[in-house]
Every structure is written in structure tokens, then in C-alpha cells.
Amino acid sequence: MELAIVYNSDKHKDFYNSLINYLLQNNIKYSSFDAKYTKERKKSYRVKGAFSARLDPFVGIYENNNPIKGFYSEANECTLDNIINYIKTNNI
């Protein structure tokens, strides 16, 4: 499994840094896209489009390149606690 993180470095810096620290400590694969930059914006739209998400930050979890779980800012699900609980519960 792999996490895809979409964020805006101006607005979500603390969230991003905390999540990345956790992922690195636990050797979890991830890719991240800063929607603030034009070169990464297209990739961030692709990730959010796979889950029909609109707002940043967004975290999507993929297995074999298939989207399996999304954490949406629209529903206030995209929190560090929710993501870590899901990772621990599903042994990612």
C-alpha cells in the first residue's frame, strides 16, 4: 500500500510535516504533491480525481495502483489522528 498526499505548503505545512515524520518513522511508502506549484498541481488533481475529492489537504491510500481509501477535508476526515488510526488498524 502507498499513501498519496495532496497539500498546499502555504496552508498545511504543520499537517504535512507531522504526517511525513510518522510515515518515515514507520517506513511507509508515500508520494506527496504540493498543489501550490504548477508542476505538481496536475498530479494532485489526478489523485483527488481518483477519489472525487475537491479540497486540500487530501490523503488517498492505494493498493496496486487502485484507490481504496480517501481522507477528505470536505468531511473533516483528513486529520492526523484519523490517518494514523487507519494505518495502525489495517497494518499498513
Test question: given the 4.5 Å side-chain rule for I, L, V, M, F, W and Y, name all other residues clustered with Ile87, or answer none. Met1, Leu3, Ile5, Tyr7, Phe15, Tyr16, Leu19, Ile20, Tyr22, Leu23, Leu24, Ile28, Tyr30, Val59, Ile61, Ile68, Phe71, Leu80, Ile83, Ile84, Tyr86, Ile92
Given 3.5 Å as the limit, does a donor-acceptor pair link the side chain of Ser73 with the main chain of Cys78, or not? no
Partners passing salt bridge (charged side-chain N to carboxylate O under 4.0 Å, His left out) against Asp56 (at least two apart in sequence or in another chain): Lys48
Within the distance-only criterion (no hydrogens, no angle test), does the side chain of Glu74 pair as donor or acceptor with the backbone N or O of Arg54 below 3.5 angstrom? yes
Test side-chain contact (heavy atoms from CB on, under 4.5 Å) applied to Tyr62 and Phe51, step by step: CA-CA 10 Å; Tyr62 290 86; Phe51 290 90; 3.6 Å; yes
Rounded to the nearest 0.5 Å, what separation is found between the CD atom of Glu77 and the CZ atom of Phe58? 9.0 Å
Please determine whether side-chain contact (heavy atoms from CB on, under 4.5 Å) holds for the pair Ser9 and Tyr37, giving the CA-CA distance in whole Å, both sets of side-chain angles, and the decisive distance to 0.1 Å. CA-CA 9 Å; Ser9 59; Tyr37 296 106; 4.2 Å; yes
Any chance you could measure Arg41, atom CZ, to Lys36, atom NZ, to the nearest 0.5 Å? 10.5 Å
What's the spacing between Asn17 CG and His12 NE2 if we round to 0.5 Å? 12.5 Å
Name all residues meeting the salt bridge (charged side-chain N to carboxylate O under 4.0 Å, His left out) criterion together with Asp14; count only those two or more places apart in sequence or in a different chain, and write none if there are none. none
How long is the straight-line distance from OG of Ser52 back to OH of Tyr72, given to the nearest 0.5 Å? 6.5 Å
Tell me whether Lys43 at atom NZ has more than 12 heavy atoms from other residues, nucleotides or ligands lying less than 6.0 Å away. no
Ignoring hydrogens and geometry, is there a side-chain-to-backbone donor-acceptor pair from Asn85 to Asp81 under 3.5 Å? yes
Nearest 0.5 Å, please: how far is CG in Leu55 from CG in Asn8? 12.0 Å
Can you confirm whether Asn65 is buried at CG, in the sense that more than 12 heavy atoms of other residues, nucleotides or ligands lie under 6.0 Å from that atom? no
